[in-house]
Number of protein chains: 2
Amino acid sequence: MKDKKTIFEVDKNNEDKKQLFIDAAICSLANHGYKGTTVRQIAKYAGVTPGLLTHYYQGKEVLIAESYKYLATQFLDDFQNKINEGMDNPISALRGFFQNIFAPENLGKRYLRVWLAFWTLTLTEESLRNTHSDIYKEYTKSLENILRSAYIHNEQDPSKKNLRSLAVGILAMLDGLWLECCLDPDALSKNDNLAIIYEFVESTTGLKIKTN
Amino acid sequence: MKDKKTIFEVDKNNEDKKQLFIDAAICSLANHGYKGTTVRQIAKYAGVTPGLLTHYYQGKEVLIAESYKYLATQFLDDFQNKINEGMDNPISALRGFFQNIFAPENLGKRYLRVWLAFWTLTLTEESLRNTHSDIYKEYTKSLENILRSAYIHNEQDPSKKNLRSLAVGILAMLDGLWLECCLDPDALSKNDNLAIIYEFVESTTGLKIKTN
DNA sequence: AAGCCAATTAAACAATTGTACAATATAAAT
DNA sequence: ATTTATATTGTACAATTGTTTAATTGGCTT
């Protein structure tokens with residue numbers, strides 16, 4: 001199996017130059033933040049000369065917007081794939097989802113730098129706002145589906161629950177915990193976070209999540 | 001009573017110049033984001049010439065760091081004051097706290113711009129990280145205190161609950177909902193948010209929050 | 001080999017940035 | 001009124017920014 005490329009490394013030999021620039025832009029955002037992500041810095045990660053950027057993209061801002069769409073879509077796809085794989089046991093799929101979020105390789109300043117840059121752009125570029133909105137809707141919908149399956153799996157009636165509110169609440173708490181973790185890595189350990197999430201999810205959904 | 005100044009307006013006649021610059025910096029961040037917050041823009045909001053900034057602050061970055069400390073501290077103080085006032089009825093104080101967060105005047109892009117800029121700085125400046133860490137600790141502690149009081153007020157035993165986990169979880173969900181609200185104002189209404197929060201808080205704490 | 005087209009480079013552009021500094025204004029103290 | 005110290009301005013500067021453009025490369029077709 002191909003080893004999974006992280007967003008912190010760029011394959012300079014990538015023949016798809018448009019994708020190469022996206023990889024380089026994300027990598028630069030992760031390592032140097034929005035301010036440090038200059039055309040020259042992106043070009044360095046791409047192993048290319050600054051002037052080439054405008055040959056493939058209308059400009060720097062457009063490239064970063066495309067990078068956002070790419071990364072957000074990729075995250076959603078990953079999520080949905082993992083969920084669909086584990087649909088035979090929705091509860092353990094849910095558990096895997098939570099654990100993955102707080103896995104060390106998905107935390108840290110470098111990830112936060114990327115999302116801070118994207119959120120910042122969302123405030124000014126309408127196309128990004130629409131991208132975010134679309135992805136968020138699908139995200140919640142997918143989580144609703146797992147919850148529904150989990151209820152059925154437990155022979156409970158999902159129709160008695162407000163699945164949407166549950167999904168939105170859970171995602172909000174995940175975002176909040178993740179944000180705090182990145183801002184202050186010493187504040188909460190992975191186990192702290194999981195315990196909090198499990199407790200909240202069990203209380204509100206009535207589903208048994210924790211393993212004994 | 002003095003009308004409360006928002007972070008979107010600056011009193012150019014303020015004789016305390018150091019504070020004037022802080023107000024101007026925050027105002028600029030709110031209206032133009034980190035990228036648009038130049039020394040010249042800050043000076044314009046302060047009604048002053050760009051050169052004056054280095055006379056009162058070591059540089060632009062230092063000023064913004066000070067602005068963060070000021071605003072974060074102010075928010076914490078406001079929170080603690082309101083809580084202390086309502087300590088005779090902790091449950092309604094809690095309710096007021098929730099409602100205040102999702103009041104229209106505390107939402108919106110302009111607020112998010114400020115915090116995105118600050119969070120971004122937190123990733124590079126250690127002093128800001130410490131400020132954030134300190135304030136967050138006090139924030140959770142205060143929320144723990146309300147919860148404890150609420151239990152006692154209801155003649156329940158607070159020692160049976162993990163107050164810290166509850167507080168951290170609630171704050172995380174608030175942050176997540178607030179963030180999503182700012183990024184996509186159409187996604188969730190104020191009532192949506194409150195319903196979600198109330199439901200989660202009631203389920204996990206066992207306290208009755210909702211009004212009939 | 002010759003010619004052509006796209007990819008890529010290298011250099012230059014004007015604009016904007018944060019900051020430094022000498023000149024000037026202001027107010028207080030003598 | 002003169003001095004002194006501080007507050008403020010206006011300008012200049014070097015550095016960096018995103019982008020443009022002419023020159024150069026490299027591979028493909030004929």
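Residue numbering restarts at 1 for every chain, and letters A, B, ... go by the order of the sequence lines.
The ring of A/Tyr68 has its center no closer than 6.0 angstrom to the ring center of A/Trp119.
At the heavy-atom level, B/Thr49 lies under 4.0 Å from base atoms of the strands shown. Within 4.0 Å of A/Thr54, counting heavy atoms only, lies at least one base atom of the nucleic acid. Within the nucleic acid shown, A/Tyr57 has no heavy atom closer than 4.0 Å to any nucleic acid atom.
Relative orientation of the B/Phe200 and A/Phe200 rings is parallel, given thresholds of 30° and 60° on the angle between their planes.
When the side-chain nitrogen and oxygen atoms of B/His55 are compared with OP1 and OP2 of D/dT8, none of them lie within a distance under 4.0 Å. Taking side-chain N and O atoms only, B/Lys35 has no distance below 4.0 Å to OP1 or OP2 of C/dT17.
If you take CG of A/Leu52 and P of C/dA7, they are 9 Å apart, rounded to a whole angstrom. Protein atom CG of B/Asn13 is 12 Å distant from nucleotide atom P of D/dT8, rounded to whole Å. Protein atom CG of B/Leu53 is 17 Å distant from nucleotide atom C1' of D/dT11, rounded to whole Å. Rounded to an integer number of Å, the gap from OH of B/Tyr56 to P of C/dG18 is 20 Å. We find that CZ of B/Phe21 is positioned 12 Å from P of C/dT19, with the value rounded to whole Å. Distance CD1 (A/Ile64) to C1' (D/dG18): 12 Å, rounded to an integer number of Å. Between B/Arg40 atom CZ and D/dG10 atom P there is a gap of 13 Å when expressed in whole angstrom units. Straight-line distance from the NZ atom of B/Lys17 to the C1' atom of D/dT9: 13 Å, rounded to whole Å.
Taking a cutoff of 4.0 Å between a charged side-chain nitrogen and a carboxylate oxygen, A/Lys35 and B/Glu61 qualify as a salt bridge.
Each of A/Lys60 and B/Gly51 has a nearest nucleotide on DNA chain D; the 5'-most of these lies closest to B/Gly51.
Scanning all heavy atoms of the two residues, the minimum distance from A/Ala30 to A/Ile7 falls at CB-CD1, 4.4 Å.
In summary, the side chains of B/Ser133 and B/Asn130 do not present any donor paired with an acceptor at a separation below 3.5 Å, with no hydrogens or angles considered.
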